[in-house]
Amino acid sequence: MIDPKLLRQATADVAANLARRGFDFDVDAYAALEERRKSLQVETERLRNERNASAKRIGKAKAEGDDVAPLLAAVKELGDRLESNEAVLSKIQAELKDIELGLPNLLHENVPDGQDEADNREERRWGKPKETGFAAKDHVELGTGLGMLDFDAASRISGSRFVVLAGPLARLQRALIQFMLDVHTAEHGYEEAYVPYLVRSQALVGTSNLPKFEADLFKTTDENPYYLIPTAEVPLTNLARETILEADELPRRWVAHTPCFRSEAGSHGQDTRGMIRQHQFEKVELVQVVRPTESADALDELTGHAEEILRRLDLPYRVVALCAGDLGFGSHMTYDIEVWLPGQGRYREISSCSNFTDFQARRMQARWRNPDTGKPELVHTLNGSGVAAGRALIAVMENYQAEDGSVRVPEVLKPYMGGVEVLSA
RNA sequence: GGAGAGAUGGCUGAGUGGUCGAAAGCGCUCCCCUGCUAAGGGAGUAAGGGUUAAAAGCCCUUCGAGGGUUCGAAUCCCUCUCUCUCCGCCA
């Protein structure tokens, strides 16, 4: 959520910033509603004050044994007026809240202009796509050739967009996850967490997946539903929910491996081949909760933590700054890391690192006590994939393939593979 | 799944219709005293919101959540959520 105060006072500036995303904010409708809210709230609070004062007088009169009947009559009419005012006010406040929850985050000034993926700005590249000397296979061909990747079995069990991994390939994914967790906890200062995979709607409102993106989520059917997490960002960021952290507790850094569940309604037709886009995939997620002044640096640092994983795996990648039109709803600034996939002959997203500033913190009332003011203030939250394990598996398969369809195990994963050094049929 | 108890400020915990945003303690901040770290004394210390250019001030809301009774609710009634204890079941 954008600061409601800022929204009121600088409505035009906010609208101009959001327009860079292609977001059309109806300023006049908002301003009219806000105007009504203001006059009605002032009046309602005045009536409440009157009512409270009367109630106090009655209490006092009673204590002194006076007749309270005339006082009671006077306050009756007040109550009716108050009631009708309150009803209208809460309706208007709910409408305003809906508007506020529907507004995306303000953009950082360094976010490039643009409408979609094609306008993202490349920041840097690491590693060079290797010359194989033969026609590189994609992960589907490699995996099915090894007999370790089975989409048919998955579809018989669960339908499309699921996969079954078998044997050493399943283990290779697990090795990737262990490796990433070890690096982030031992070297990058993250605390490992095990978190719920089913969450309540309020947790998703906190991270700004709800109310706007319900269609992307799986949910259970009862009247008080659980949602399956689309990313560990949801439970991890909500660890700071409704708390006031002391200054010396910041920054908080959490890492977790979880499965992620995405309905991805509307994405049909895209990436239908292979395991690029699945309803269920594994990911190691990094979350940071920091002081507001430190979030910009923290984003660079966090992105570097994710990059380090790819470097150690010796996977070529590039980093792009997402343009205004491609940026996620709650993000202030996002770097995507794209890994080289020889089978596709191009870079594909494997991590997305974002600074949410106070956007999520305001929704979940995640605060810290600023020693300068002594007052609780909103923290800034960040998250990034560190990295997506399913896609990392694809990248390893395609980048470490040999002409005969076998796949070498990357050096850093060998300790996790129980002696297996090559995956072969 | 069954039975019972509970949810109050950063924390512990009192409070069963008005003078309660809430005793006391801990913690924290400031001051005083004390010629050593210790100890003692005093004052202050919840959050959210409105009004304001901003602050001060004033006002509103909040004692798990939602609804109700009442002129007035932390306190009475209803529903829900969560926590704890015991039993059952289970990994």
Side-chain angles (χ1 to χ4, degrees), chain A residues 1-14 30-31 33-97 99-101 194-206 220 222-227 235 238-250 252 289 358 361-379:
Chain A
M1 242 168 81
I2 295 172
D3 183 358
K5 235 176 204 160
L6 181 72
L7 195 56
R8 281 199 289 270
Q9 289 170 358
T11 315
D13 293 343
V14 170
Y30 165 79
L33 197 59
E34 168 54 25
E35 189 53 45
R36 287 183 63 203
R37 187 233 96 220
K38 182 167 164 176
S39 61
L40 201 57
Q41 181 165 349
V42 169
E43 172 65 6
T44 303
E45 289 187 356
R46 193 187 62 75
L47 288 172
R48 277 208 273 250
N49 181 20
E50 237 177 273
R51 196 256 337 257
N52 292 347
S54 303
K56 233 164 227 179
R57 275 200 297 277
I58 291 169
K60 213 166 268 171
K62 248 185 172 169
E64 287 163 11
D66 295 346
D67 178 21
V68 297
L71 288 168
L72 286 178
V75 86
K76 179 76 187 122
E77 183 262 354
L78 193 63
D80 294 342
R81 257 202 300 161
L82 183 57
E83 207 168 317
S84 75
N85 262 24
E86 277 174 340
V88 181
L89 178 61
S90 70
K91 192 166 154 280
I92 289 177
Q93 282 174 325
E95 281 175 49
L96 278 169
K97 181 101 192 215
I99 291 175
E100 287 165 8
L101 285 175
Y194 171 80
V195 290
Y197 302 162
L198 294 171
V199 297
R200 296 294 190 192
S201 62
Q202 61 264 27
L204 288 151
V205 171
T220 60
D222 54 277
E223 70 280 9
N224 188 12
Y226 288 109
Y227 291 83
N238 274 282
L239 287 173
R241 180 185 197 84
E242 289 164 51
T243 59
I244 301 173
L245 294 160
E246 294 302 327
D248 61 12
E249 295 178 89
L250 296 177
R252 292 300 314 253
V289 173
D358 61 9
R362 182 169 292 106
R363 289 170 169 236
M364 60 178 82
Q365 284 303 301
R367 294 172 293 169
W368 70 301
R369 196 172 293 278
N370 184 341
D372 295 337
T373 62
K375 292 284 169 197
E377 295 173 12
L378 295 170
V379 295

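All values below come from the heavy atoms of this structure, side chains included, with hydrogens, waters and symmetry mates left out. Keep in mind that what you see is a predicted model, and the values were worked out from it rather than measured. Lettering follows sequence order; numbering is per chain, from 1.
- Here the nucleotide nearest the side chain of A:Arg200, chosen from B:rU81, B:rG10, B:rG50, is B:rU81.
- At whole-Å resolution of the value, CD1 in A:Ile58 and C1' in B:rG17 are 14 Å apart.
- Annotation: A:Arg36, atom CZ; neighbour count of heavy atoms from other residues, nucleotides and ligands within 6.0 Å does not exceed 12.
- When the C1' atom is compared between B:rG13 and B:rU8, the two are found 9 Å apart, to the nearest whole Å.
- The residue A:Arg51 sits close only to the backbone: its heavy atoms come under 4.0 Å of sugar-phosphate atoms, none of a base.
- Using a cutoff of 4.0 Å between basic side-chain nitrogens and carboxylate oxygens, A:Arg8 and A:Glu34 are scored as salt-bridged.
- When each of A:Pro376 and A:Arg37 is assigned the nucleotide of RNA chain B with its nearest heavy atom, A:Pro376 is the one assigned upstream, toward the 5' end.
- Closest of all the heavy-atom pairs between A:Leu378 and A:Ala361 is CD2-O, 3.7 Å.
- Atom CD of A:Glu45 is separated from atom P of B:rU61 by 8 Å (rounded to the nearest Å).
- Nucleic acid contact for A:Glu246: none, since no nucleic acid atom lies under 4.0 Å from a heavy atom of the residue.
- B:rA55 and B:rG50 have their C1' atoms separated by 15 Å, with the value rounded to a whole Å.
- As rounded to whole Å, 14 Å separates atom C1' of B:rG64 from atom CZ of A:Arg241.
- Rounded to whole Å, atom C1' of B:rC59 lies 12 Å from atom CZ of A:Arg46.
- Contact check, A:Lys375 against B:rA47: a side-chain N or O comes under 4.0 Å of OP1 or OP2.
- Comparing A:Glu50 and A:Arg8 by the nucleotide of RNA chain B whose heavy atom lies nearest to each, the residue mapping closer to the 5' end is A:Arg8.
- For the C1' atoms, the distance from B:rA74 to B:rG15 is 8 Å, rounded to whole Å.
- Comparing the same atom, P, in B:rU52 and in B:rU45 gives a spacing of 27 Å after rounding to whole Å.
- Within the 4.0 Å cut-off from OP1 or OP2 of B:rU61, not a single side-chain nitrogen or oxygen of A:Gln41 is found.
- With rounding to whole Å, A:Asp248 atom CG is found 12 Å from B:rC28 atom P.
- Using atom P as the reference point in both B:rG66 and B:rU62, the two lie 9 Å apart (nearest Å).
- Taking atom C1' in both B:rG4 and B:rC90, the straight-line distance is 22 Å, to the nearest Å.
- The side chain of A:Asn49 contributes an N or O atom lying less than 4.0 Å from OP1 or OP2 of B:rC60.
- The side chain of A:Lys38 places an N or O atom within less than 4.0 Å of a non-bridging phosphate oxygen (OP1 or OP2) of B:rU52.
- OP1 or OP2 of B:rU61 has at least one side-chain nitrogen or oxygen of A:Asn52 nearer than 4.0 Å.
- Residue A:Glu35 contributes atom CD, which lies 13 Å from atom C1' of B:rU51 at whole-angstrom precision.
- Using a 4.5 Å cut-off on side-chain heavy atoms (C-beta onward), A:Leu47 and A:Arg81 make contact.
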Checklist line | Pair assignment for RNA chain B - dot-bracket with | for other-strand partners, Watson-Crick or G-U under 3.5 Å | finding: ((((((((.[[[..)..(.....]]]((((((.......))))))((((((.....)))))).[[[[[..)....]]]]])))))))....

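- Checked for salt-bridge contact, A:Glu43 and A:Arg46 meet the test: a charged N lies under 4.0 Å from a carboxylate O.
- We find that CD of A:Gln365 is positioned 12 Å from P of B:rG10, with the value rounded to whole Å.
- The residue A:Lys60 sits apart from the nucleic acid: no heavy atom pair falls under 4.0 Å.
- A donor-acceptor contact under 3.5 angstrom links the side-chain atoms of A:Lys62 to the base of B:rG18.
- Side-chain contact between A:Lys375 and A:Asn370: absent, with no pair of heavy atoms (C-beta onward) separated by less than 4.5 Å.
- Cation-pi check for A:Arg200 over A:Tyr227 is not met; the charged atom does not lie both under 6.0 angstrom from the ring centroid and within 45 degrees of its normal.
- The side chain of A:Ala55 has B:rC71 as its nearest neighbour among B:rC71, B:rG50, B:rG10.
- With rounding to whole Å, A:Leu245 atom CG is found 13 Å from B:rG10 atom P.
- Atom name P, nucleotides B:rA47 and B:rA23: the rounded distance is 15 Å, in whole Å.
- Under the 4.0 Å criterion applied to side-chain N and carboxylate O atoms, A:Arg37 and A:Glu95 are not assigned as salt-bridge partners.
- Between atom CG of residue A:Asp13 and atom CG of residue A:Leu6 there is a gap of 8.0 Å, rounded to the nearest 0.5 Å.
- The gap from the C1' atom of B:rC26 to that of B:rA14 amounts to 15 Å, rounded to the nearest Å.
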